[in-house]
Amino acid sequence: MPVQHDIASERELWDTYAAGIRPDVLDAGPVFRWTQYADHGPGPELLGSPRSALEIGCGTGRALAALAERGVEVTGVDLSPVMVEKVTERWGPSGVRIHCAEVLDYLRDTDETWDAVYSVFGAVWFTDPLKLLPLIASRLSPGGVLAFSHPPAIPGAYGPQGMYKGGFAGRALYTYRYSYTPRRWVGLLRQSGFESAEATILAAPTEGHIGTLIVTGRTPGA
């Protein structure tokens, strides 16, 4: 069943998260990785060779900065004004553009297109894919790439999963994560206008640890 997102509450949740980020994390240099483990898994090559890229749910902006160093024209969107202010101050001089917006509203309202759209433990994980994926497909250039990653679904727990802000005390701030099998993600991309799609679970570098779901899709070419 569809769930009702409370965007104002979710913005407060992500503002709280952004306010708690250690200064040394923001001060660190650019880095692009899809997994939760350092020096593990693929890098930006999953995006191909885009001239322009949009990161949805861009967090600290370090992945955007890494692409900017490669000459890619980069744009980020994030729900949290606290995070956007921090990222703009840190990476704005490097040519990174950041917009503060809810991702569905942003994609509906913009007339920009990109060669690649991506999400690293970001907005694809926290947004209804039936609404989000067709919008992404509509904002990609012909032959454009969508790539995203987040932890794989817990077996038997599929669809929207409620998540409270860290701990179980204090104000009831919560959001939803969307978890599906790799096969289901491929089906969702195909029905949303992507010509091809692949999804895999990359094993963690330590046996028995949590892996990473990595999904890519491509829109029809010109």
Side-chain angles (χ1 to χ4, degrees), residues 14 17 21-22 24-25 28-50 53-67 69-70 72 74 76 78 103 115-130 132-133 136-137 140 144-167 175-192 194-219:
W14 291 116
Y17 169 78
I21 292 177
R22 301 190 318 271
D24 62 298
V25 173
V31 64
F32 196 112
R33 62 173 180 251
W34 296 101
T35 84
Q36 60 272 50
Y37 306 105
D39 303 317
H40 176 65
E45 66 272 9
L46 292 187
L47 302 177
S49 301
L54 170 69
E55 182 174 5
I56 54 175
C58 62
T60 63
R62 296 175 68 195
L64 287 168
L67 290 180
E69 283 189 340
R70 293 169 169 249
V72 181
V74 294
D78 201 276
V103 65
D115 296 330
V117 174
Y118 70 96
S119 167
V120 181
F121 287 55
V124 173
W125 198 18
F126 296 100
T127 310
D128 185 345
L130 295 177
L132 178 63
L133 296 179
I136 293 174
L140 278 168
V145 172
L146 166 65
F148 62 90
S149 66
H150 56 250
I154 294 172
Y158 306 118
Q161 312 287 316
M163 180 185 76
Y164 284 110
K165 183 179 73 66
T175 185
Y176 297 94
R177 297 176 297 198
Y178 290 81
S179 298
Y180 299 98
T181 64
R183 180 178 179 180
R184 177 59 175 150
W185 275 116
V186 167
L188 287 166
L189 264 68
R190 294 298 295 268
Q191 75 183 55
S192 298
F194 289 85
E195 185 174 63
S196 61
E198 297 182 4
T200 187
I201 296 175
L202 178 67
T206 301
E207 185 177 356
H209 287 209
I210 300 169
T212 309
L213 173 78
I214 300 178
V215 183
T216 58
R218 187 177 294 274
T219 56

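Hydrogens, waters and symmetry mates are skipped; everything else that's a heavy atom, side chains included, is used.
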Nearest atoms (heavy-atom pairs only) where [X] meets [Y]:
X	Y	answer
L67	P44	CD2-CB, 3.8 Å
D78	G59	OD2-N, 3.0 Å
L140	V145	CD2-O, 3.5 Å
P182	A199	O-CB, 3.5 Å

According to side chain to side chain contact (heavy atoms under 4.5 Å, CB included), who are the partners of [X], at least two apart in sequence or on a separate chain?
X	answer
Q161	A157, S179
R184	Y180, T181, L188, Q191
P30	A65, A66, E69, W91
S192	L133, P134, F194

Pairs in or reaching into residues 118-129: which pass side-chain hydrogen bond (donor to acceptor under 3.5 Å, both in side chains), with residues at least two apart or in two chains?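 Non-adjacent pairs meeting side-chain hydrogen bond (donor to acceptor under 3.5 Å, both in side chains): E55-Y118.
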Non-neighbouring partners of Y158 that pass ring pair (Phe, Tyr, Trp, His ring centres under 6.0 Å), sequence neighbours left out: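 Result, ring pair (Phe, Tyr, Trp, His ring centres under 6.0 Å) vs Y158: none returned.
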[X]: what forms a side chain to side chain donor-acceptor pair (under 3.5 Å) with it, not counting sequence neighbours?
X	result
D24	R22
S149	none
Y178	H5
T35	none

Among T219, L132, V117, find the residue that satisfies the side-chain contact (heavy atoms from CB on, under 4.5 Å) test when tested with L146.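 Between L146 and the candidates, side-chain contact (heavy atoms from CB on, under 4.5 Å) is satisfied uniquely by V117.
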With a cut-off of 3.5 Å and sequence neighbours excluded, list every side-chain donor-acceptor pair involving residues 202-216.
unit_1, atom_1, unit_2, atom_2, d
T212, OG1, Q36, OE1, 2.5

Name the orientation class of the two ring planes belonging to F32 and W34 (parallel below 30°, tilted from 30 to 60°, perpendicular beyond 60°).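 Aromatic pair F32/W34 classed perpendicular.
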For residues W185 and V124, determine if any side-chain heavy atom of one lies less than 4.5 Å from a side-chain heavy atom of the other.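 In contact.
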Going from NE2 on H150 to CZ on F121, what distance comes out if it is rounded to the nearest 0.5 angstrom?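 If I round to the nearest 0.5 Å, the distance is 8.5 Å.
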